[in-house]
Amino acid sequence: MARISSIFSYLGRRQNPTSAHSITPQTRNRNLCTDKFSANSEDALHSHRNPIEVITQGRMLGISGANAISEELKGKPPNLGRKLAENRVTNASEIAKEVWNVIRTCPKWKTTILSDFPSISFTDPSVYSEILRQQSDLFMTLQFYLWLRSLDGFSFDPILCNEMFGRLVEAKDVAKKFLDDREFEIEPWFLELYTRSLCENESIDQVLNVFERLKEIGYCGSLETWNMALSCSVRMGRADAVWKLHEDMVKYGVASDVNTMGCLIQAFCLENNVSKGYELLHQVLKAGHVPVKVVFDNLISALGKNGKYSEVSAVMRKMIVNNCYPDIHTYHEVIRFCRGEMTNEGVRIFDELKKRGHFPNRVMYTTLIDNLCENKDVRGAWRLWFEMIEGGIIPNEFTYNVFVNGLFRNGSVDEAEKLHNEMLGKGLPETTISFNTRIHGLCINSRVEEARVLFEEMNKKDIIRDSMTFNSMIRGYAKQGNTSEAMYFLDELLKQGFEPSSASLVSLIETLCDDGYVNEAKRIWLDMSEKGFNPGDGALSPIVYGLSKQGHIAEMNKWLQYMIKSRVKPKMPTFEKLIECLCGAYKLDDALFVLHYMVEMGYLLRENICYSLVHALCKVNSHHVQTLLLNIVDGTDQHSLLNEPVSQSEGLTPCTDEHIHGSPISSLIGQSALS
DNA sequence: TTAGGGTTAG
């Protein structure tokens, strides 16, 4: 594979241009070790034999059983050999079995084993090798090994030791314990082997640890190993690990290839830095390299999520030009982000695929049914449902759950329950998710008591309840105005160690304030904040309004100021309700105080508020208040209550729909190689 | 068919 080091210049800060071309001792080491690695790694990785058995076949070649040991020990004076010679023991493997029997049955074997076998010299390699050979339980083997290490005069044959480690790589936890034993010197290429094994099991943090260990001994793995680790980081969604590994790669002078670049593109996507990813893809293609398809697909997915639809089309064109054809996965990524207003575009792409003789699969149907339900097109969802079944695709728990959820959200409670029962009739299991879907579905349809029956049913059926289960119940009861039940479920949620969601806390606080329990609402707000939970911005407005309604004006001002200082912008109705309430109580100074905030935040003074103010002013007839009001409305009031006024447009990204029309994506389908 | 895809709160 040709190197594409020229692309390094693109990455700027993450690169070390001087090291990319220099040959370091580590590079030489890497090359040497790579040869060794390739000769051994495959065999070791795919071996499923008893590790100890394999070890003995390596170092202790030719020794297979008591007779072999007996031969080996001829001329040597170890105890076991002597016992064999004296015919007191006929079979060395029997002794080994007895040793394991003691270890297995006696918890204090470490203190008794020497006296149990007074004539055995455990530090003799021939003896302990035979004992090790007898055991297939890796943890027990490790225990025995660690005990051996503590014996005076023990010296483990390093070759045997490394072979043992190499075979133990398959058992990650045990291998890790060996790694933790810092006195144990492992051949670097075993560490590399171990790294690859960890990558396959997606233990990226452990992979990083082993890379650190390799760094300590100045060993550099092969490009393939680096790429495996990068790929593992991407699969785990860990952009940070990608950058860390890549930085080290550059330090070691390992030249990247197209697979490395593919991982970097995906890391940019993970960080939502899609334009960087898009640019890097462009550079890679310009250099004459084509990344694997998943890189294109992930980039398409990220671009779609960010509303960059013209770039999605451009990436698909680039794919086709480079003979990397979009397939069902690629189109699924496209259809996945065709939600909301773009649902019909997703349907168009879907229909176009079928027209051209391709067969959408269950995942495709599931996603599209979900999108249609979200877009309130239940009829369209049913049409797809039946089309899918007629096409011979059997819905699974994903498909059922998506549609049951969609039906609940569209108010079709009976249909949702019917579909759920159909799922059960087909032998599909009930899960936490299926229960949560129904509990939430019933709650949003004001049937919280039925949801509670399901909540209890979960317990009876031993189905685990999670934070979503409890939060749905809190919200369900709060929305019905039943604060005591909502509080009960909040309490239960906390007892289980779950986090309350902002939405459920907001609902609860709103209901409490509506019912006049403002102090209780305040207590919950403060309590949750203290516990580190975010009660959500929406919870502050009802508290402020609730306080004003009760006439606690000073307290209201305190909360309002807190709200503004926290850059939580009260909604227009909150301001209006506050002003109306204060005018009603003829607290004009306070009403103007609130009005001041409202105007400063860019809200316009509407007619209804003017009436309230004028009405109150006529009653009070205060010249002082009138002047203040005029100043606020004219904007001549120079005193700013806000240090940093909150900008209305801050953080908003306008979304254009110029690419939505004209269907650039579905027009590409004809050029694909779907099969 | 060789890196992978779809589900529940807001």
Side-chain angles (χ1 to χ4, degrees), chain A residues 199-200 202 224 227-237 258-259 262-263 265-266 269 291-301 304 326-337 339 346 360-374 384 388 393 395-409 416 419-420 423 428-444 451 454 458 463-476 478-479 489 493 498-507 534 536-539 673 675:
Chain A
C199 288
E200 284 170 1
E202 311 198 319
E224 288 71 26
N227 281 347
M228 277 179 85
L230 288 169
S231 174
C232 174
S233 314
V234 168
R235 283 198 309 275
M236 298 297 292
V258 66
N259 292 323
C263 290
I265 292 170
Q266 291 176 92
C269 293
V292 288
K293 204 173 72 61
V294 69
V295 177
F296 287 101
D297 288 353
N298 283 342
L299 186 56
I300 284 170
S301 176
D327 65 1
I328 202 96
H329 293 292
T330 319
Y331 285 110
H332 180 250
E333 288 306 315
V334 176
I335 285 175
R336 210 146 73 95
F337 64 72
R339 303 181 81 92
N361 60 13
R362 185 164 53 199
V363 178
M364 202 75 131
Y365 275 106
T366 305
T367 302
L368 207 53
I369 287 170
D370 194 20
N371 289 357
L372 285 166
C373 286
E374 196 192 65
L384 278 183
M388 174 182 72
I393 297 171
N396 68 359
E397 54 184 300
F398 282 86
T399 329
Y400 272 106
N401 193 64
V402 157
F403 203 13
V404 168
N405 181 47
L407 289 168
F408 270 122
R409 285 177 168 277
L419 200 66
H420 171 75
M423 182 188 89
L428 290 166
E430 285 187 294
T431 59
T432 302
I433 291 179
S434 74
F435 265 103
N436 282 353
T437 302
R438 291 164 68 214
I439 286 175
H440 178 252
L442 288 167
C443 286
I444 58 174
L454 294 183
M458 286 178 91
I463 290 171
I464 293 166
R465 299 189 278 219
D466 64 9
S467 67
M468 219 184 274
T469 325
F470 286 90
N471 276 309
S472 292
M473 291 306 301
I474 296 169
R475 215 166 130 74
K479 285 276 173 198
F489 278 101
L493 170 138
F498 294 129
E499 286 189 17
S501 71
S502 290
S504 56
L505 290 176
V506 167
S507 294
N534 177 15
D537 298 345
S675 57

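Any value given below was found using the heavy atoms of this structure, including those in side chains, with hydrogens, waters and symmetry copies removed.
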S.K.: Do any side-chain nitrogens or oxygens of A:H440 fall under 4.0 Å of OP1 or OP2 in B:dG10?
M.R.: yes

S.K.: Do you see a donor-acceptor pair shorter than 3.5 Å between the side chains of A:D466 and A:T432?
M.R.: no

S.K.: B:dA3, B:dG5, B:dT7: which one has an atom nearest the side-chain heavy atoms of A:V292?
M.R.: B:dA3

S.K.: Can you check whether any acceptor in the base of B:dG5 is under 3.5 Å from a donor in the side chain of A:N361, or vice versa?
M.R.: yes

S.K.: Give every residue pair that meets the salt bridge (charged side-chain N to carboxylate O under 4.0 Å, His left out) criterion with at least one member in residues 432-444 of chain A, sequence neighbours excluded.
M.R.: A:E417-A:R438, A:E430-A:R438

S.K.: Using a 4.0 Å heavy-atom cut-off across all strands, classify A:S231 as base, sugar-phosphate, or nothing.
M.R.: base

S.K.: Under 4.0 Å, counting only non-hydrogen atoms across every strand here, what does A:N396 touch: a base, just sugar-phosphate, or nothing?
M.R.: base

S.K.: Write down the distance between CG (A:N471) and C1' (B:dT8), rounded to a whole number of angstrom.
M.R.: 12 Å

S.K.: Classify the nucleic acid contact of A:S504 as base, sugar-phosphate or nothing, counting any heavy atom under 4.0 Å across all strands shown.
M.R.: nothing

S.K.: Checking all strands, does A:Q266 fall into the base, sugar-phosphate, or nothing category for heavy-atom contacts under 4.0 angstrom?
M.R.: base

S.K.: Taking A:D370 for its side chain and A:N405 for its backbone only, find out whether a donor-acceptor pair lies under 3.5 Å.
M.R.: no

S.K.: Should the side chain of A:T399 and the base of B:dG6 be counted as holding a donor-acceptor pair, with the cut-off at 3.5 Å?
M.R.: yes

S.K.: Choose from B:dG5, B:dA3, B:dG4 the nucleotide whose nearest atom is closest to any side-chain atom of A:D327.
M.R.: B:dG4

S.K.: Please determine, for the side chain of A:A503, which listed nucleotide (B:dG10, B:dG5, B:dA3) has the closest atom?
M.R.: B:dG10

S.K.: Examine the base of B:dG6 for any acceptor or donor lying under 3.5 Å from a partner atom in the side chain of A:T367, and report the outcome as yes or no.
M.R.: no

S.K.: Rounded to whole angstrom, note down the P distance from B:dG5 over to B:dT1.
M.R.: 13 Å

S.K.: State whether A:R475 places a side-chain N or O below 4.0 Å from either non-bridging phosphate oxygen (OP1 or OP2) of B:dG10.
M.R.: yes

S.K.: Using whole Å, what does the distance between atom P of nucleotide B:dT2 and atom CD of A:E224 come to?
M.R.: 20 Å

S.K.: Say whether A:H420 and A:S434, considering side chains only, have a donor N or O and an acceptor N or O under 3.5 Å apart.
M.R.: no

S.K.: Look at the side chain of A:R362 and decide which nucleotide, out of B:dT7, B:dG6, B:dA3, has an atom nearest to it.
M.R.: B:dG6

S.K.: If you go through the side-chain atoms of A:D370, does one of them form a donor-acceptor pair with the base of B:dG6 closer than 3.5 Å?
M.R.: no

S.K.: Under a 3.5 Å threshold, yes or no: a donor from one side chain and an acceptor from the other, between A:R475 and A:S507?
M.R.: yes

S.K.: In whole angstroms, how far is the P atom of B:dG10 from the CZ atom of A:F408?
M.R.: 14 Å

S.K.: Cut-off 3.5 Å, side chains only: do A:S301 and A:N298 have a donor facing an acceptor?
M.R.: no

S.K.: For the pair made of CZ in A:R438 and P in B:dT8, what is the distance, rounded to whole Å?
M.R.: 17 Å

S.K.: Within this structure, what is the CZ-to-C1' distance between A:F296 and B:dA3, rounded to whole angstrom?
M.R.: 14 Å

S.K.: How close or far is atom P of B:dG6 from atom CG of A:N405, stated in whole angstroms?
M.R.: 16 Å

S.K.: Is there a donor N/O on one and an acceptor N/O on the other, under 3.5 Å, for the side chain of A:D297 and the base of B:dG5?
M.R.: no

S.K.: If I take atom CE in residue A:M388 and atom C1' in nucleotide B:dT7, what distance separates them, rounded to the nearest angstrom?
M.R.: 13 Å

S.K.: So, does A:R336 get its side chain near the phosphate of B:dG6, meaning an N or O under 4.0 Å from OP1 or OP2?
M.R.: yes

S.K.: With sugar-phosphate meaning primed atoms plus P, OP1 and OP2, does A:V295 contact a base, only sugar-phosphate, or nothing at under 4.0 Å between heavy atoms?
M.R.: base

S.K.: To the nearest Å, give me how far apart NZ (A:K293) and C1' (B:dT1) are.
M.R.: 12 Å

